[in-house]
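Notes follow once the structure below has been shown.
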Amino acid sequence: MSKRKEFDFFDKPKTKRGLWYLLWGCCVGVLALQFVASPKPHFGFDTFFGFNGLFGFVSCVVLIVVAKGLGFILKKPTDYYDD
Amino acid sequence: MMTNLHPAFVLFAAAVLIPVFLGRWRNYMLLAAGALAVFCVYSLEPGYSLSASFMGLDLVFMNIDKLNKVFGYVFTINATIAFVFALRLTDVRQQLAALFYIGSALGAVFAGDLITLYVFWEIMAVASTFLILARQTPEAYGAGFRYVLIHLFGGLCMLLGVIMHIQTTGSTVFTTFSPDMISSWFILVGVLVNASAFPFSSWLSDSYPAATVVGGVVLSAYTTKTAVYVLLRGFPGWEILIVVGCFMAVYGIIYALLENDMRRILAYSITNQVGFMITGAGIGTAMAINGAAAHAFCHIIYKSLLWMSAGAVLAMVGRSKCTDLGGLYKTMPWTLLLGLIGALAISGVPGTSGFTSKSLIIMAAGDQHLTWVLMILEIASAGVFLHAGIKFPYFVFFAKDKGLRPPEAPANMLWAMGGLAFLCIFLGVYPDPLYSILPYEMGDFTVYKAGKVVAQLQLLTFSALAFFLLLPLLKRTDTIALEVDWFYRVGGKLFYRATDRVMNGLNTACAAMVGRAVQGFERGARRLPVAGMYLVEMFSSETPSEENRSFPIRQKSIEQDLDLGTLPIGGVLLTIILGLAVVLALCI
C-alpha cells in the first residue's frame, strides 16, 4: 500500500530554525524601515529610534507576566464549578 | 429603486417560510433572505422614517440615517455569509433562532424610539439563548440559563430607564441621552451589560463558547455590536465610556492569555475589540464615531471569520481546548490560511481591515491629546496580536502535533471563510467604500501614512518576538480562569445554601414550636378536669383527710375517680348551680 507523504514542513527542525531567523530578520527589517519613514511621536518621550518596537515588546512582556501571575490565583481545574 | 422595506421583515418572513421549504432548499432560502436583506439595507434612504401610534405612544419602527445603515450593512452581509457557512445545517431550531436573533438586531439598530428598541432588544436576548441551548450539552444548558438571566437583568435595567425617561421627558424618541438624568444611567447599565463591559463581561466568555458551531459564528456579531450602536447614538462623548472601554481592551487580553479553550480566547478578544469601540464612543468626536462604526463593521467580518475557522476545527475534530489540539496545519491548510487572514486583520496588520478601522479610533484619541488613552490602546493593539493573532493559530494549527488528522472543512465553510477573508483584505487595501458610508464625511482622508505603517509594523513584529521568546510562560494548561461570574456561580450556590439553612431552619423551628404547643394543649386538656375537681374539692364540704391534701396524691386519687366515674357529685352539682346562677345574673 502506498501512502502519500504527509505535509510536515513546519515540524522540521530546519524550518523552525529558518523561521526564527526570519523573525529576527523581520525585526531588523522593520527597524531599518524607520530610516525611510519615521513614525510621528505622540508622547514626548517616544522620539528615540525604535520606540514602537520597544513599546510593543515591553507591553507584551508585561501582559504575559501579569497574566502568568494572575494565573496562579485565577486558574482552576475545569471541573471547578461542577457539583 | 428605493423600496424602504425593513430588512428585519425579510428575515422574520424567512422564519415563517421555514416549514414550507425542505432539505437543502431551506438553506438556500435562508441564503436568499440574507441577500435580500442586504439589498433592503442598500435601498433604505437616509432620512426615511416609518412610524405608528400605539396606546398613545409614538412608535418609530425605522428612522434611517448613515450611522444605523453602517450597522445594517454589516449585519446583513455577515448574516448572508453565515448562511453560506451553515449551508449543511439541518437543525431547524438553530435556523429559526438565528433568523429571529439577526432580525431583531436589525430591528434594534433601525428603531427610532425607545420602546421599539427595547422590544427588539429583548427578542434578541431570548432568540440568541436558543443558539446556545441547541448544543444540547449540560454545559450549554447551564451557560444558556446564566446567559438569559444576565440579559434579562440588563433588559430590566433598560426598561426601567426607558420608562423613567418617557415619564420625565414625555418623549419616546431615541436620541442622545443627558448625563443629568438618572434614567440615562439605567439605560447605560442595560446597554453595557450587552456590550460585555466589566463587571458585566463574563456572560460572553461563558456562553458563546458553549454555543453550537454555527451559533458561535452568529452570536459573535450582533449582541455586542448592537450595544456599541446604542452607545454611539445615545451616549457619544460620555467620558466614563473611555475608562470602561480602555479597561475592557486590556482585560480581554489578560484573560485571553489565560484561556485554554480556542473559542474562549476568541470570546475574550470580542471584549477586547468592543473595548476599542466603546472608547471611540466615549471620545465622541466625528473621527472617533466614524472609527468606532468602521471598527464595528470590520470587526464583525474578521471576528466571524475567526469563529468560522474555530468552528470548522470544532466540527471536524470535536475538540476546542488548545491542550487537545495542535498540528492541524497538516490536514486543514485552507482553514488555517483563511483563519490566519482573520488573525492578521484583528491584529491590525497594515493591508488588512483591522488597520484601516482601528487606526481611526487611535488617531481620534491622538487628536484629542488623550495621552493615556492612546497608550492603553497601543498596548491593547500589541496584545491583540499576541492572543488572537498568534496564540490562537499557533496552538490550534501548529505547536505540538497531537496526531489529529481530520479532513479539511467542507466546501461551503471554506467559501464562507473565503468571502470574509476577501473582505478583510479588500477593506484593508481599499477602505474608501467603507469610509464613504460612515456617519461623518471623511474627505480625502488616507490612513496609509508611511510613518504610521512603520510604527504599526514595529509594534507588531516585536510583539511576535515577545510571544515566541516567552513561549515557555504561555504553556497551555487544562484549566479555566475564574471570572466575575464566580460571584454568581459560586456566590449563587452559597446564597442557595444559606437560604436553605435559614428558611428550612425556620421551618423546622416553627414545626417544633407548633408540635410543642399542641402537646402542651393536650396535656393541659388532660389535666383540666383533674385541676377543676381539685379546686371544687377544696371549696366543697367534703374536706379530704390530712394525708390526702397534697396535690400529687389528690391528683392520683381524682384521676382514679374520673376513670371509675365515682366522683363526689354534691360539690360538683353545687359548683354547676352556682356557676349557672352567676351567668344568669350577669345576663339579666
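Chain letters run A, B, ... following the sequence lines, proteins first, then strands; residues in each count from 1.
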If you count heavy-atom pairs within less than 4.5 Å of chain A, which of [options] leads?
{"options": "B:Ser463, B:Gly142, B:Ala382, B:Ala450", "answer": "B:Ser463"}
{"options": "B:Lys330, B:His387, B:Lys452", "answer": "B:Lys330"}
{"options": "B:Leu465, B:Val490, B:Ile254", "answer": "B:Leu465"}

Closest approach of A:Pro77 to B:Ile480 (non-hydrogen atoms, all atoms of both residues): O-CG1, 3.7 Å
Return yes when atom [atom1] of [X] has more than 12 non-hydrogen atoms of other residues, nucleotides or ligands closer than 6.0 Å, and no otherwise.
{"X": "A:Lys40", "atom1": "NZ", "result": "no"}
{"X": "A:Tyr21", "atom1": "OH", "result": "no"}
{"X": "B:Tyr496", "atom1": "OH", "result": "no"}
{"X": "B:Phe487", "atom1": "CZ", "result": "no"}
{"X": "B:Phe445", "atom1": "CZ", "result": "yes"}
{"X": "B:Lys475", "atom1": "NZ", "result": "no"}

For B:Asp485, salt bridge (charged side-chain N to carboxylate O under 4.0 Å, His left out) partners two or more places apart: B:Arg489
Honestly, the part of A:Thr78 sitting under 4.5 Å from a heavy atom of chain B is both
Measuring from [X]:[atom1] to [Y]:[atom2], what's the distance to the nearest 0.5 Å?
{"X": "A:Tyr80", "Y": "B:Trp486", "atom1": "OH", "atom2": "CH2", "answer": "6.0 Å"}
{"X": "A:Leu63", "Y": "B:Leu386", "atom1": "CG", "atom2": "CG", "answer": "6.5 Å"}
{"X": "A:Gln34", "Y": "B:Gln458", "atom1": "CD", "atom2": "CD", "answer": "4.5 Å"}
{"X": "B:Leu474", "Y": "A:Ile64", "atom1": "CG", "atom2": "CD1", "answer": "4.5 Å"}

[X] versus chain A, heavy atoms under 4.5 Å apart: side chain, backbone, both or neither?
{"X": "B:Leu460", "answer": "neither"}
{"X": "B:Lys449", "answer": "neither"}
{"X": "B:Tyr255", "answer": "side chain"}

Compare all side-chain heavy atoms of [X] with those of [Y] and state whether any distance is below 4.5 angstrom.
{"X": "B:Phe467", "Y": "A:Leu23", "result": "no"}
{"X": "B:Phe462", "Y": "A:Cys27", "result": "yes"}
{"X": "B:Gln456", "Y": "A:Asn52", "result": "no"}

Residues which pass side chain to side chain donor-acceptor pair (under 3.5 Å) with B:Asn260, listed by chain and number, not counting sequence neighbours: B:Thr323
Report, in residue-number order, which members of residues 13-20 of chain A are under 4.5 Å from chain B by heavy-atom distance. A:Trp20
Where the side chain of A:Lys68 meets the backbone of B:Leu258, is there a donor-acceptor pair that is under 3.5 Å apart? no
How about B:Tyr329 and A:Phe7: are their ring centres within less than 6.0 Å of each other? yes
side-chain contact (heavy atoms from CB on, under 4.5 Å) between A:Tyr81 and B:Leu482, worked out: CA-CA 10 Å; A:Tyr81 285 118; B:Leu482 294 188; 3.7 Å; yes
Residues of residues 366-378 of chain B contacting chain A, heavy-atom criterion under 4.5 Å, by residue number: B:Thr371, B:Leu374, B:Met375, B:Glu378
May I ask you to check whether B:Thr479 and A:Lys76 show a side-chain donor-acceptor distance below 3.5 Å? no
Option that, when pairs with chain B are counted at under 4.5 Å, heavy atom only, ranks first among A:Ala67, A:Gly53, A:Ala37, A:Gly56: A:Gly53
